[in-house]
Amino acid sequence: MCKLYFPAGDAKGNLNRREKMMKTKIFCVVTLALTLASGAFAQTEADRKFAQDIHAAVALYRSGKTAEAVSEFELLQKSRPQDADANAWLGFLYLRTDRPTDAVPMLETAYAKRPNDPEIMINLGSAQMMTANHDRALAVFTRLVDLRPASFEGWYNIGTIHLRSKAYPQAKAALIKALGIKAEDPFALNNLGAACEGLGEAASAAMHYASASNLRTDNESFATNAGFAYVRLKKSAEAIPFLERAVTLGNNSTEIIIALGNAYVSTSQRGRAAELYENAGKAGVADASLW
């Protein structure tokens, strides 16, 4: 899955001498569905040969020979520009090789041929999101959930698209539906936290960010979001483990160092705060607020 980071906006908190916060990060998780070559209508000898070539190209991809598979599907699509399988697979492979602009026309052609295929819809919606055509992506994912109300990918991406446009009530509603299908998805929980934050529901935002971070303890952004959410609530004790986790995972920004130090001070751990600031100074952090 491709994780793209989008700022949800500045969130200010009380950080003593300087009020600085990291921007909340929301996640656009582009889920690529593996399209299947059908070959259902191989009526003529030419059709049967074409279907065999499709399956041979699929086999190349599945054996790890992605570049060779792309080349084969490009030839197949060129020979039959309107074939749904050739276009669906070539679009999928373009997405897998970070070519979303090239993927869009292929997937649009496949979608026109097979408008009820959920895998094509997921890939097309993902390609449109990756090329910043969010209105088209929203239309595709909305049709997906109309056809398949239990589509996690559909609801998750609808929620994320609404988050980008700061339509927080719609984002929250869609992400709640996504979590009703996959309750412990950390990306959906993180983005639900961002929606709640946008609605001014600070306690709910912190809870969802924390859940995301506890499910994915290796994700620095989840930890950062949770830590700052608790800082905004002035809950230093709750903020500390998430801020510490973020620092351990590599977030050594001035903002997070100051926030963690202030949280230590607020919980009567002045020695730890002094050590943190001194180590940051030795590491080359140059900021007046730190000193």
*Are Val247 and Ile240 in one and the same hydrophobic cluster, where Ile, Leu, Val, Met, Phe, Trp and Tyr link if side-chain heavy atoms are under 4.5 Å apart?*
yes

*Using only heavy-atom distances, determine whether the side chains of Glu275 and Tyr264 contain a donor-acceptor pair under 3.5 Å.*
no

_Tell me the closest heavy-atom pair linking Pro118 and Asn116, and the distance in Å._
CD-O, 3.2 Å

*asked:* How long is the straight-line distance from NE2 of His208 back to CG of Asn190, given to the nearest 0.5 Å?
replied: 11.0 Å

*For the residue pair Ser236 and Asn262, establish whether any side-chain heavy-atom pair is separated by less than 4.5 Å.*
no

*Could you tell me whether the side chains of Arg96 and Asn123 share a donor-acceptor contact shorter than 3.5 Å?*
no

*Looking only at heavy atoms, which two atoms of Gly125 and Val140 are closest? And how far apart?*
N-CG1, 4.0 Å

*What residue among Arg80, Gln77, Lys113, Arg114 forms side chain to side chain donor-acceptor pair (under 3.5 Å) with Asp85?*
Arg114

*Would Glu153 and Lys182 pass as an ion pair if we require N to O under 4.0 Å?*
no

*Just by distance, with hydrogens left out, do Arg245 and Thr217 show a side-chain donor and acceptor under 3.5 Å apart?*
no

*At what distance, to the nearest 0.5 angstrom, does CG of Leu76 lie from CD of Glu72?*
6.5 Å

*Any idea which heavy atoms bring Ala205 and Gly193 closest together, and the distance?*
CB-O, 3.3 Å

*For Leu189 and Ala212, which heavy atoms make the closest approach, and how far apart are they?*
CB-CB, 4.0 Å

*asked:* Can you tell me which residue among Tyr209, Phe187, Phe242 is in a ring-ring contact (aromatic ring centres under 6.0 Å, His included) with Phe222?
replied: Phe187

*asked:* How long is the straight-line distance from CZ of Arg143 back to CG of Leu124, given to the nearest 0.5 Å?
replied: 11.0 Å

_Do Tyr230 and Leu276 land in one hydrophobic cluster if side-chain heavy atoms of ILVMFWY residues count as linked below 4.5 Å?_
no

*asked:* Is it the case that the ring center of Trp155 lies less than 6.0 angstrom away from the ring center of Phe141?
replied: no

*Arg48 with Glu45: basic N within carboxylate O range, under 4.0 Å*: yes

*Quick one: does Asn214's side chain have a donor or acceptor within less than 3.5 Å of a partner on Ala210's backbone?*
yes

*In the single-linkage hydrophobic clustering (I, L, V, M, F, W, Y; side-chain heavy atoms under 4.5 Å), do Leu75 and Met106 co-cluster?*
no

*Would Val104 end up clustered with Ile122 when hydrophobic side chains under 4.5 Å apart are linked, directly or stepwise?*
no

*For Leu175 and Ala188, which heavy atoms make the closest approach, and how far apart are they?*
CD2-O, 4.3 Å

*Would you kindly confirm whether Leu60 and Leu95 end up in one hydrophobic cluster when ILVMFWY residues are joined by side chain heavy atoms under 4.5 Å apart?*
no

_Check: Glu244/Thr248 side-chain N/O donor and acceptor closer than 3.5 Å_ = no

*Establish, from distance only, whether the side-chain atoms of Asn251 and Ser253 form a donor-acceptor pair under 3.5 Å.*
yes

_Tell me whether the rings of Phe152 and Tyr156 are parallel (<30°), tilted (30 to 60°) or perpendicular (>60°)._
parallel

*Minimum heavy-atom distance between Ala174 and Ile158, given as atom pair plus value*: CB-CG2, 3.8 Å

*Ser151 side chain to Arg148 backbone, donor-acceptor under 3.5 Å*: no

*Drop me the distance from Gln52's CD to Ile54's CD1, to the nearest 0.5 angstrom.*
11.5 Å

*Quick one: pull up OH in Tyr94 and CE in Met130 and give me the separation to the nearest 0.5 Å.*
14.5 Å

*Hey, what's the ring geometry for Tyr61 with Trp89, parallel, tilted or perpendicular (30° and 60° as the breaks)?*
perpendicular

*Is the CD atom of Glu184 crowded by more than 12 outside heavy atoms at less than 6.0 Å?*
no

*How long is the span from the SG atom in Cys196 to the CD1 atom in Ile176, to the nearest 0.5 Å?*
7.0 Å

*Trace of the salt bridge (Lys or Arg N to Asp or Glu O under 4.0 Å) decision for Glu108 with Arg136*: CA-CA 11 Å; Glu108 287 285 9; Arg136 177 59 174 157; 2.7 Å; yes

